[in-house]
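Structure, as structure tokens:
Note on naming: letters A, B, ... go to the chains in the order of the sequence lines (proteins, then strands), and numbering restarts at 1 for each one.
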Amino acid sequence: MPVSPLHAPLLDWYAAHARDLPWRQPGVSAWDVLVSEVMLQQTPVARVLPVWLEWTARWPTAAALAAEAPGEAVRAWGRLGYPRRALRLHAAAVVVTEQHGGELPDELAALRTLPGVGAYTAAAVLSFAHGRRHAVLDTNVRRVLARVGDGVENAGPSATAAEYARAEALLPDDPGEAARWAVATMELGALVCTARAPRCSECPVADACRWRAAGYPAAQTQARRPQAFAGTDRQVRGRLMAVLRTASEPVPRDLLDEAWHLPEQRERALAALAADGLASELPDGRWCLPGTHGPAAAGVAPAGAG
DNA sequence: CACGCGTGGAT
DNA sequence: TATCCAAGCGT
């Protein structure tokens with residue numbers, strides 16, 4: 001479906017207004033594109049930028065990352081949030097190194113088996129890094145298609161088969177053009193067709209937008225209430241991880257105890273972090289990031305020697 | 001499938 | 001100040 005009234009205006013708009021993001025530079029490896037995609041899962045571009053630059057300079061390849069302790073990845077992750085992503089990226093690096101000769105797979109099924117790589121991220125790598133023809137459905141694209149195509153303010157809670165079918169149908173035949181279309185659609189959602197206060201006066205496809213034509217009807221179904229944060233285990237986990245991240249030496253328990261005032265919740269959060277492999281307890285009772293001080297023992301039984 | 005999972009800037 | 005939101009994934 002190469003010809004629609006949307007394509008030329010949107011591609012032209014992207015050529016003129018695309019952000020100059022480092023992971024879009026020519027020559028960036030597929031692995032580094034993957035790193036950017038994982039970092040960008042639920043985290044704004046502005047915060048990813050400096051971390052991605054440091055990370056890719058320090059670990060230019062999957063093998064380089066795989067050679068490190070997982071805790072070093074967690075530490076380098078800094079305050080991007082959701083540090084399990086750092087653990088998954090490290091685990092993916094190990095798989096790529098040990099099972100794919102250090103080369104990130106370029107097939108959908110193989111990518112999808114990597115930890116932290118779901119439907120969106122796999123399609124993004126294929127499209128952005130390899131210039132292949134894949135529907136790339138992230139929250140931005142889904143919002144754009146919902147507004148322009150369906151005339152509603154927001155997409156549903158999760159991508160449906162119908163949305164994939166539409167995105168697929170809109171893809172230009174030429175792979176390279178399809179890849180540009182994919183990133184252009186995302187960029188429009190990120191810069192113009194935003195969740196709040198969309199800049200419709202700057203939109204290259206405003207004339208074709210059903211939501212605009214309908215007078216911007218408000219969403220009928222109210223979105224899922226954002227999960228609370230203050231006082232939750234998530235906040236406690238974040239406090240504990242911040243202590244472990246900033247400490248160069250293993251930290252004694254009483255230092256962790258200062259991170260949260262409720263002992264029961266603190267214990268629960270710390271146990272959960274250990275179970276997730278984000279924190280390790282040493283034999284002397286101190287805590288550290290996994291593998292950063294002695295053999296990694298993320299809450300698992302010590303393996304027999306040899 | 002609904003939920004848990006961090007963090008901080010913008011409104 | 002509280003709420004919303006940011007290129008999702010795994011269970």
Could you list by number each residue of [range] showing a heavy-atom separation from DNA chain B of less than 4.0 Å, or answer none if no residue does?
| range | value |
| --- | --- |
| residues 241-272 of chain A | A:Arg245 |
| residues 73-81 of chain A | A:Arg79, A:Leu80, A:Gly81 |
| residues 18-54 of chain A | A:Gln42, A:Thr43, A:Arg47 |

Expressed as a whole number of angstroms, how long is the span from [X]:[atom1] to [N]:[atom2]?
| X | N | atom1 | atom2 | result |
| --- | --- | --- | --- | --- |
| A:Tyr82 | C:dG10 | OH | P | 14 Å |
| A:Arg84 | B:dC3 | CZ | P | 16 Å |
| A:Leu87 | C:dT11 | CG | C1' | 16 Å |
| A:Arg239 | B:dC5 | CZ | P | 16 Å |
| A:His90 | C:dC9 | NE2 | P | 21 Å |
| A:Glu187 | C:dA7 | CD | C1' | 10 Å |

_Ignoring hydrogens and geometry beyond distance, is the side chain of A:Arg234 in donor-acceptor contact with the base of B:dG4 at under 3.5 Å?_
no

*What are the residues of residues 110-130 of chain A, sorted by number, that bring a heavy atom to within less than 4.0 Å of DNA chain C?*
A:Leu114, A:Pro115, A:Gly116, A:Val117, A:Gly118, A:Ala119, A:Tyr120, A:Thr121

*Can you list, by residue number, the residues of residues 140-150 of chain A that have a non-hydrogen atom closer than 4.0 angstrom to DNA chain C?*
A:Asn140, A:Arg143

SB check [X] [Y] (cutoff 4.0 Å):
| X | Y | result |
| --- | --- | --- |
| A:Glu107 | A:Arg132 | no |
| A:Asp150 | A:Arg166 | yes |
| A:Asp257 | A:Arg253 | yes |
| A:Arg133 | A:Glu168 | yes |
| A:Arg19 | A:Glu187 | yes |
| A:Glu37 | A:Arg85 | no |

*Pairs in or reaching into residues 195-211 of chain A: which pass salt bridge (charged side-chain N to carboxylate O under 4.0 Å, His left out), with residues at least two apart or in two chains?*
none

Which pair of heavy atoms, one from [X] and one from [Y], lies closest together, and at what distance?
| X | Y | result |
| --- | --- | --- |
| A:Pro204 | A:Pro9 | O-CB, 3.5 Å |
| A:Gly291 | A:Ala69 | O-CB, 3.2 Å |
| A:Pro115 | A:Ala92 | CG-N, 3.7 Å |

In terms of side-chain heavy atoms, does [X] have a donor or acceptor partner in [Y] at a distance below 3.5 Å?
| X | Y | result |
| --- | --- | --- |
| A:Glu153 | A:Trp211 | no |
| A:Gln25 | A:Asp20 | yes |
| A:Gln41 | A:Thr121 | yes |

How far, in whole Å, is [M] from [N] if one measures between their [atom1] atoms?
| N | M | atom1 | result |
| --- | --- | --- | --- |
| B:dG6 | C:dT11 | P | 14 Å |
| B:dA2 | C:dA7 | C1' | 22 Å |
| B:dC1 | C:dA6 | C1' | 23 Å |

*What nucleotide among B:dC5, B:dG9, C:dA6 has an atom nearest to a side-chain atom of A:Ala195?*
C:dA6

_By nearest atom, which of the nucleotides B:dT11, C:dG10, B:dT7 is closest to the A:Phe229 side chain?_
B:dT7

*Taking A:Ser127 for its side chain and A:Ala123 for its backbone only, find out whether a donor-acceptor pair lies under 3.5 Å.*
no

_Heavy-atom neighbours of A:Glu103 CD exceed 12 at 6.0 Å_ = no

_Run the side chain to side chain contact (heavy atoms under 4.5 Å, CB included) test on A:Trp55 and A:Leu89 for me, step by step, so that the C-alpha distance in whole Å, both residues' side-chain angles and the decisive distance to 0.1 Å come before the verdict._
CA-CA 12 Å; A:Trp55 183 292; A:Leu89 204 44; 3.8 Å; yes

_Under 3.5 Å for both donor-acceptor distances, Watson-Crick or wobble: does B:dC1 have a partner, and if so which one?_
none

_Using a heavy-atom cut-off of 4.0 Å across all strands, would you classify A:Thr194 as base, sugar-phosphate, or nothing?_
nothing

